[in-house]
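Heads up, the thing below is written out as structure tokens.
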Amino acid sequence: MRKNRPFLELFATSLKEDYSLPILEVFAFFFVFGAFIFTITAMQSIETGEVFAYRLANSLCGMPLFIFIILVLKNISYGIGSDLERGTIQTFLSYPLKRRMILTAKLLSALGVATALFLATQIFALCIVAPEVIPTYLTTVILTYVANLCYPMLISGILLLFVLVLKKGGLALGVGILTYFVVLILSSLAFFISGSDIAIKTYAVINPSLALQMHYESKSSYYVVWAPSFSEVMLYIAAGYALVFLVFTIGYTYFQRRLGV
Amino acid sequence: MRLITIIGRLGTVLFMMGLALALATFLPPGSTWTSSSGRFLSSETYCIEPYLIEPYYWKPLTVSPRNRLYVSVTASGEVHAYLLNVSSYFLTSWAFSWVKERFPSINETDIWYASLNITVLNAFIEANPNTVLWKSNMSRTVSKEFSFRRITNCTIVVSNPSSKSVDITLEYRVGLLVVPEGSLLQSQLLILTGIVLAIPWIIISFRERKSEAEFIHKFSGGT
């Protein structure tokens, strides 16, 4: 316990910075309220079973996922970014902790707590809207959230790299938001211009929720461009998280070896 | 102190979640099914909705606690409107059997016409009084909204007990609530739990700020 004390101290400090009084509460409010806004579309769906469970979980996390991205981007850019900008990181580096543990504590607060809050509110909303869905279609529900969280995680990793390189929170946030929208727009453009499924498959590596969407849509509609099998969807999710892992590994390596403060 | 802070913040989060849920209960329901039809109702007959032409085309009117049912009847004369908690298929089958039992010699077409007589409806209600969820007064216009505690099969019935024929327009709409009935209670529970958890933290934080302010005031020479 004593060995972990500096880590916990740092984690507590980060929590205090990232979630000062109204922030956590305001985001919890929007996570819950945002979940219910588009639920009606999924509930009106005539589909049943797995497809319904997917559509419901997907519509529940639509709006909150965007809010989640805002929260995470804010935490990383203004949490880690301002520590680098103001030089507070030097105080943390004097702690009897390895550099990677400092970054872990910061990320646990910025990303881990936000993810936990997001998932907790989603389970709460799902229990309110359709309590029978979670026990009956647990795999589908878990898979939907795992696939949907991949792209925000990747963007968070990219933003972390920007923050570490630029050492400016505000600038990194701007670049991060721009990257988020540019990737979304480019992927849509690539699909419409090329008209082939190669663009959509490439984008599915970055955002595996698309592969999952195509998989379930192909079950209820004949007019889908691409109908991946379940094992293919799993492969895309694995590839997506491998990419996330790679980006975070680069971030950690940079923080440990190259970051000059 | 740290534990109190964590519990307090958990309380404020629960409070806000409850507030969001309470707000979501006020979101307007979406429409899933709307039907509007004009009918001619002869004297001492009744009509039902969903209308049963053939069992293949028939769609039951099944509602759940998530649904709201809006019924509106406009007639050229005074009519009764009912909401029964049986499927229209069940009601029609019952009416057919009732007529067949009493008039075994009449043909299928006549059975169909006879089954729409108000006597058959009254016999059904007499035999199954618990199926009547609602009965309107004699009126030219009837409009009512229903909510349900469990999954229920419904049939809307309009009867013309008078000796004159009437033209009616029967409209119904099934609304879909964003959050089910009863969520307001859950939201109130969340808000209450949140307040209870947050109170110790709020009191301690307030006291700390007060003593901090007093300390600053004291050492700044009371200026």
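Per chain, numbering begins at 1; letters A, B, ... match sequence-line order. Values below: all heavy atoms of this structure, side chains included; hydrogens, waters and symmetry mates excluded.
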Check whether [X] gets within reach of chain A through its side chain, its backbone, both or neither, counting any heavy atom under 4.5 Å.
X	answer
Leu177(B)	backbone
Leu10(B)	neither
Thr12(B)	both

Handout entry: From OG1 (Thr121(A)) to CE (Met16(B)), nearest 0.5 Å
Key =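 Rounded to the nearest 0.5 Å, the OG1-CE separation comes to 13.0 Å.
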
Practice task
Could you pull out all residues at least two apart from Phe148(B) that satisfy side-chain contact (heavy atoms from CB on, under 4.5 Å)?
Solution key: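 With sequence neighbours excluded, Phe148(B) shows a side-chain contact (heavy atoms from CB on, under 4.5 Å) to Val63(B), Leu69(B), Leu83(B), Leu133(B), Phe146(B), Thr152(B), Cys154(B), given in chain and number order.
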
Practice task
Kindly give the heavy-atom pair with the smallest separation between Leu19(B) and Phe29(A), and that separation in Å.
Solution key: C-CE1, 4.0 Å

Problem - Any side-chain heavy-atom pair of Leu27(B) and Phe33(A) under 4.5 Å - result: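 Touching, per the 4.5 Å side-chain cut-off.
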
Problem - Minimum side-chain heavy-atom gap Phe36(A)-Leu21(B) below 4.5 Å - result: yes

Given a strict heavy-atom distance threshold of 4.5 Å, which part of [X] is in contact with chain B: side chain, backbone, both, or neither?
X	answer
Leu15(A)	neither
Phe30(A)	neither
Ala12(A)	side chain

Practice task
Take Phe27(A) and Val13(B) through the test side-chain contact (heavy atoms from CB on, under 4.5 Å) and record every step on the way to the result.
Solution key: CA-CA 9 Å; Phe27(A) 276 92; Val13(B) 167; over 6 Å; no

Problem - Contacts of type ring pair (Phe, Tyr, Trp, His ring centres under 6.0 Å), residue Phe68(A), not counting sequence neighbours - result: Phe118(A)

Practice task
Determine yes or no for a side-chain-to-main-chain donor-acceptor pair under 3.5 angstrom, with Arg9(B) supplying the side chain and Glu25(A) the backbone.
Solution key: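 Looks like no, no N/O pair under 3.5 Å.
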
